[in-house]
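For the single chain, residues carry numbers from 1 onward in sequence order. Whatever order the structure lists ligands and atoms in, that order sets their numbers, starting from 1.
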Amino acid sequence: MRTPRRSTAPLAFVVTAGPTREFIDPVRFLSNPSTGRMGFEVARAAASRGHRVALVAGPVSLKTPKGVARVDVVSARDMLAAVLSRLDDLGRGPVRVVFVATAAVADWRPAECAAVKLKKGAMRPVLKLVRNPDILKTVAERRAAEGAAPLLVGFAAETGDPVAEALRKCREKNLAMVVANDVTEPGAGFGTPTNRAALVRRDGSVRRLPLMSKAALARRIVRECEDLCS
Ligand code: CTP
């Protein structure tokens, strides 16, 4: 397949992928079914177009794409720390930075993680949860505070109206673009090799894409990022 020529200078991508795990005790955690596939495909597509890529991955069983610098994390707080450190490193260079948040970050974590395995007889079957940091929002706010300007791209995996939700997230988190999809549609959920998405920009423009492989969608997203940076 012919790849369209790149319209920009090389960019530096930081991509999050996969789920996070929020431990209750050493043998139990809260998580979700994300396989990390979409984020790994974005990282692969960006590297194959000559961009520098840092991939911050939650616990997944996927091989690192060629040319990608990967860091493995477990919890949302680990992921946030790794993302900020990669953005700081890359932001010092002359190259425009793009942050693509594909990870299905757990919004909540147990208020406490027990140091030893909780015994069912001794455990009250009630979990107290606290909010995790919103990685994308934190990056957006830091950008506003510090004047550094990575291009921000989010994902919205929804069960309701993905485009309306994407537009809300775009504006709330000050993103350039949100990739929206309805995870209840055939071929578009967690772990599938395909996705049907809409690309929603902050100006309200919406491009609805047909069902396609996650690899093809990733190439499309990378080209949109190049376009937004040009
Ligand atoms: N995200 C993130 N950190 C979080 C939660 C979400 O970086 N703690 C990012 C996701 O990677 C995604 C975007 O924010 O790119 C939207 O995530 P989503 O879970 O769809 O929505 P939320 O922002 O959590 O909002 P809501 O729960 O209202 O749907």
Side-chain angles (χ1 to χ4, degrees), residues 13-23 29-43 46 53-60 71-87 97-111 129-144 150-185 188-191 195-202 214 217-218 220-222 224-225 228:
F13 278 76
V14 177
V15 181
T16 62
T20 63
R21 286 182 184 172
E22 312 299 331
F23 275 84
F29 55 79
L30 302 176
S31 193
N32 61 67
S34 169
T35 59
R37 210 158 171 163
M38 192 66 239
F40 275 59
E41 291 299 348
V42 170
V53 186
L55 174 62
V56 180
V60 296
V71 50
D72 288 317
V73 297
V74 176
S75 70
R77 287 180 295 171
D78 298 341
M79 188 174 272
L80 174 62
V83 163
L84 293 181
S85 129
R86 293 306 165 294
L87 287 174
V97 179
V98 178
F99 177 48
V100 185
T102 77
V105 184
D107 287 319
W108 303 89
R109 69 175 184 274
L129 301 177
V130 293
R131 281 292 287 273
N132 262 334
D134 186 319
I135 298 168
L136 193 46
K137 200 168 177 187
T138 306
V139 171
E141 284 167 0
R142 265 172 48 118
R143 174 182 74 161
L151 183 92
L152 304 181
V153 176
F155 273 66
E158 302 292 338
T159 56
D161 180 349
V163 168
E165 276 301 292
L167 203 50
R168 176 179 71 80
K169 284 173 193 183
C170 226
R171 290 179 175 153
E172 261 179 31
K173 300 192 192 185
N174 202 17
L175 312 177
M177 185 173 76
V178 170
V179 182
N181 70 303
D182 181 343
V183 289
T184 62
E185 268 194 37
F190 285 117
N195 205 345
R196 186 198 304 276
L199 305 180
V200 180
R201 292 192 180 190
R202 198 180 19 226
K214 284 183 176 169
L217 177 59
R220 181 63 192 267
I221 291 165
V222 169
E224 292 282 328
C225 293
L228 285 161

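Every atom of ligand 1 is numbered from 1 in the order shown, and the set under 4.0 Å from a heavy atom of Ala103 is 10 (C), 11 (O). For ligand 1 and Arg168, the ligand atoms under 4.0 Å from any heavy atom of the residue are 28 (O). Applying the 4.0 Å criterion to heavy atoms of Ala101 picks out, from ligand 1, the atoms 11 (O), 12 (C), 15 (O). Less than 4.0 angstrom separates some heavy atom of Gly154 from each of these atoms of ligand 1: 15 (O).
No donor-acceptor pair under 3.5 Å is formed between the side chain of Ser75 and the backbone N or O of Arg21. A side-chain donor-acceptor contact under 3.5 Å links Arg109 to the backbone of Arg131. Side chain of Arg202 to main chain of Arg171: no donor-acceptor pair is present (N/O by atom type, distance under 3.5 Å, no hydrogens or angles). Side-chain atoms of Asn132 come within 3.5 Å of backbone N or O of Ala106 as a donor-acceptor pair.
In terms of polar-atom proximity, defined here as any N/O pair under 3.5 Å, Asp107 does make such a contact with ligand 1.
In this structure, the side chains of Val153 and Cys225 come closer than 4.5 Å at one or more pairs of heavy atoms. Thr102 is not listed as a side-chain neighbour of Phe40, based on a closest heavy-atom distance of 4.5 Å or more.
Lys169 NZ, 2.8 Å is the protein heavy atom nearest to atom 20 (O) of ligand 1. Of all protein heavy atoms, the one lying nearest to atom 3 (N) of ligand 1 is Ile135 N, 3.0 Å. The closest protein non-hydrogen atom to atom 4 (C) of ligand 1 is Val105 CB, 3.5 Å. Of the protein's non-hydrogen atoms, the one nearest atom 13 (C) of ligand 1 is Phe155 O, 3.2 Å.
By the criterion of a heavy-atom distance under 4.0 Å, neither the backbone nor the side chain of Asn132 is placed next to ligand 1. Only the backbone of Pro133 comes within 4.0 Å of ligand 1, judged by heavy-atom distances.
When the options Thr159, Val179, Val178, Leu136 are ranked by their closest heavy atom to atom 7 (O) of ligand 1, first place goes to Leu136.
The closest approach between Lys173 and ligand 1 falls below 4.0 Å for a heavy atom of the residue. Not a single heavy atom of Ala76 sits under 4.0 Å from any atom of ligand 1. Contact analysis puts Asp134 in contact with ligand 1, with a non-hydrogen atom separation below 4.0 angstrom.
Residues Glu41 and Lys214 are not paired through a salt bridge, judged by the lack of any N-O separation under 4.0 Å between the basic side chain and the carboxylate. A salt bridge links Lys169 with Glu158: the distance from a Lys NZ or Arg NE/NH1/NH2 to an Asp or Glu carboxylate oxygen falls below 4.0 Å.
Remark: Leu136 CG to Glu172 CD distance equals 11.0 Å, nearest 0.5 Å.
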